[in-house]
**Student:** 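Below you will find the structure I want to go over with you.
Labels below follow one simple rule: chain letters A, B, ... track the order of the sequence lines, proteins then strands, and each chain is numbered from 1.
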Amino acid sequence: MSRKSAFSAGLFILGAYILVALLSSVITPYSPTALVGRPLDGPSDTHLLGTNDLGQDIFSRLLYGTRATLIIGLLGALLSVLVSTLVGTVSAYYGGGVDEVITRSVDVLMTLPSFPLLLVLTIFFAPSIFVISGLMGVLGGTQGIRIIRSQVLSLVEANFVYGAKAIGAGDLRIMTRHILPNVLPLATVKFVFAAQRYMLMGVGLGFLGLGDPSVVDWGQMISRAYYNGGFALGLWWWLIPPGIAVTLLSVALALLGYGLEEEIDPRLKRSVAI
Amino acid sequence: MIEVEGLTRHFFSGRLGKERVEAVDEVSFNIKRGETLGLVGGSGCGKTTLGRLLLRLIEPTSGRIIFDGVDILHLKRREMRRLRPRMQMIFQDPDTSLNPRMASLESISEPLKLKGGLTRAEIEDEVSRLMEKVGLSPEHLGRRPHQLSGGQNQRVVLARVLASNPEFIVADEPLSALDVSVQAQIFGLLSEMKRDRNITFLFISHDLNIVRLMSDRVAVMDRGKIVEVGPTEEIFRHPLHPRTRELVSSASMDGQLTLMLKEGLISTVTRRPRPRMGGVCDDNPMDSKSSRLMINAGCR
Ligand SMILES: Nc1ncnc2c1ncn2[C@@H]1O[C@H](COP(=O)(O)OP(=O)(O)OP(=O)(O)O)[C@@H](O)[C@H]1O
Ligand SMILES: [Mg+2]
């Protein structure tokens with residue numbers, strides 16, 4: 001598949017998910033938390049994917065679950081890209097003591113295993129989806145600092161940055177007008193792959209019972225189906241759909257990221273290679 | 001205009017940063033206002049580093065730089081920023097001298113915006129005036145560096161540099177990355193800047209023939225040190241230092257560009273250029289073989 005069509009396919013699927021997340025209440029008449037039928041009913045006209053052990057509509061839960069997963073993934077990724085771009089740029093641009101302190105701190109943080117750390121912190125701070133995204137963003141952001149920093153280090157030595165300095169542009173202007181736009185393509189790709197990783201981690205947390213109990217999410221759905229009879233009784237419509245939803249979304253983001261990688265301007269690479 | 005005393009810059013490289021490179025080593029010289037000092041020397045002898053130091057784009061290890069009576073190494077950040085537009089640099093590789101994410105319009109207008117006090121219309125007027133001066137047409141305004149040829153990019157660089165209205169320019173091998181035909185055109189523009197605006201130049205090149213045409217005096221650099229300085233013809237006729245002799249004897253006077261300059265372009269340098277109809281100089285490398293044709297056609 002060419003990068004262009006990969007990009008389009010990824011964007012299309014992601015768009016569909018976003019639409020579903022926004023329009024869940026229009027698509028399905030049932031609240032995902034209301035007890036709307038008999039427990040453990042099979043698929044039917046009224047309940048497309050049947051009901052779970054509590055008599056909640058599984059199709060509704062599947063649709064509404066999109067929201068939590070997208071929020072965790074996108075918000076977490078946005079935060080982590082913001083953190084890594086901001087800190088990485090400042091660190092590389094100013095160099096010296098600032099850079100030293102930041103690089104050392106990142107080195108220390110990198111030695112900590114991030115998923116277990118995330119688990120501990122999530123329990124400590126009470127698991128709300130915003131806390132989870134925030135933690136992921138900050139923890140993931142520190143990992144991205146190195147990548148952005150090394151890109152900025154080469155940009156700082158680029159002729160056009162010397163040129164900007166020569167015409168009397170200030171540090172802020174050089175960073176925002178000359179360096180940042182050239183880091184943006186890389187940051188975008190990082191954003192997409194981070195979103196993919198955080199969604200999977202969010203689903204993982206849900207499955208482990210560390211998800212936000214006040215929202216419907218796919219991880220908690222799978223966990224419930226697994227432990228409350230869905231697996232033992234072979235009720236595939238309860239177990240499989242959330243799994244497929246996660247997988248497809250993850251593939252969509254992978255396609256998007258793959259398609260975007262080309263967008264990292266080849267011209268930029270040349271100017272950075274001096 | 002510019003006086004340099006004991007200017008030194010070391011770099012630390014190698015695995016542990018232990019190897020010391022004396023890129024520029026105890027260099028002293030001066031350039032008078034309106035004068036062009038040619039700087040020649042082999043690859044890696046420290047020419048680019050010296051150029052960057054003069055503009056304080058990088059900090060020296062030690063030494064003094066006096067620009068128009070001001071000791072620029074002791075200026076505060078703000079004072080330095082205010083002085084910066086007066087000294088500009090044309091970098092070795094035109095393809096990396098411009099922000100790849102900025103269109104020509106933005107690149108050329110940036111120095112004007114920084115100067116402040118100009119309205120949008122005034123900036124646009126000034127940009128089109130500069131574009132015409134360097135032989136670019138309005139269709140190039142919206143293009144980014146990768147949508148322009150090397151020669152066109154170098155013209156954008158010249159326009160951007162001129163927008164700052166500099167008194168001193170470090171031109172770091174401004175022709176070396178270009179086709180021969182384009183070299184002649186850019187050379188013409190530089191000579192024009194020198195003559196019409198009385199701009200002081202440090203003209204860096206390893207092509208001695210171009211240096212000879214452009215410079216009033218020549219400095220020869222070798223492994224971080226300036227080994228000989230003198231009036232251009234003196235240096236060429238009676239090279240004293242062994243390194244200078246080596247450079248002078250290896251410079252073949254029958255280089256293609258030199259021939260072209262001798263035959264045609266020297267006259268365009270001393271004559272006012274004809275007004276251009278389309279205003280665009282074609283950078284078609286196909287022309288580079290037929291130098292005669294190119295010179296006669298000039299800018300179409
Ligand atoms: N940022 C840097 N870090 C480490 N070493 C450097 C740096 N910049 C330059 N040098 C070293 O300083 C020396 C002089 O380099 P410089 O680029 O000034 O030479 P040059 O005369 O311009 O060469 P060329 O003719 O190839 O352009 C070289 O040995 C180079 O490796
Ligand atoms: Mg150089």
**Student:** Residues two or more places apart in sequence or in another chain: which of them pass salt bridge (charged side-chain N to carboxylate O under 4.0 Å, His left out) with B:Arg197?
**Tutor:**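 Residues passing salt bridge (charged side-chain N to carboxylate O under 4.0 Å, His left out) with B:Arg197: none at all.
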**Student:** Only pairs of heavy atoms separated by less than 4.5 Å count here; which of B:Met89, B:Met102, B:Lys115 has the most with chain A?
**Tutor:**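 Heavy-atom pairs under 4.5 Å are most numerous for B:Met102.
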**Student:** Ignoring hydrogens and geometry, is there a side-chain-to-backbone donor-acceptor pair from B:Arg160 to B:Ser107 under 3.5 Å?
**Tutor:**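 Between the backbone of B:Ser107 and the side chain of B:Arg160 there is a qualifying donor-acceptor contact (under 3.5 Å).
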**Student:** Checking A:Arg177 against chain B: side chain, backbone, both or neither under 4.5 Å from a heavy atom?
**Tutor:**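 Both parts, backbone and side chain.
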**Student:** In terms of heavy-atom contacts, does CZ of A:Phe12 have more than 12 from other residues, nucleotides or ligands at under 6.0 Å?
**Tutor:**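 Result for CZ/A:Phe12: open.
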**Student:** Checking heavy atoms, do the side chain of B:Leu114, its backbone, both or neither come under 4.5 Å from chain A?
**Tutor:**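 It is the side chain, since no backbone atom gets that close.
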**Student:** Give a yes or no on this: more than 12 heavy atoms of other residues, nucleotides or ligands lie within 6.0 Å of atom NZ of A:Lys190.
**Tutor:**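 Result for NZ/A:Lys190: open.
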**Student:** On the 0 to 90° scale, with breaks at 30° and 60°, tag the A:Trp218-A:Tyr17 ring pair as parallel, tilted or perpendicular.
**Tutor:**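 Perpendicular, since the angle between the ring planes exceeds 60°.
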**Student:** Decide whether A:Tyr94 and A:Asp99 meet the rule of one side-chain donor and one side-chain acceptor closer than 3.5 Å.
**Tutor:**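 Short answer, no.
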**Student:** Which distance, rounded to the nearest 0.5 Å, do you find between the CD1 of B:Ile90 and the CD of B:Gln92?
**Tutor:**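 Separation between the atoms: 12.5 Å.
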**Student:** Name, in order of residue number, those residues of residues 77-88 of chain B that have a heavy atom at a distance of less than 4.5 Å from a heavy atom in chain A; otherwise write 'none'.
**Tutor:**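 Within residues 77-88 of chain B, the residues under 4.5 Å from chain A are B:Arg77, B:Arg81, B:Arg84, B:Pro85, B:Met87, B:Gln88.
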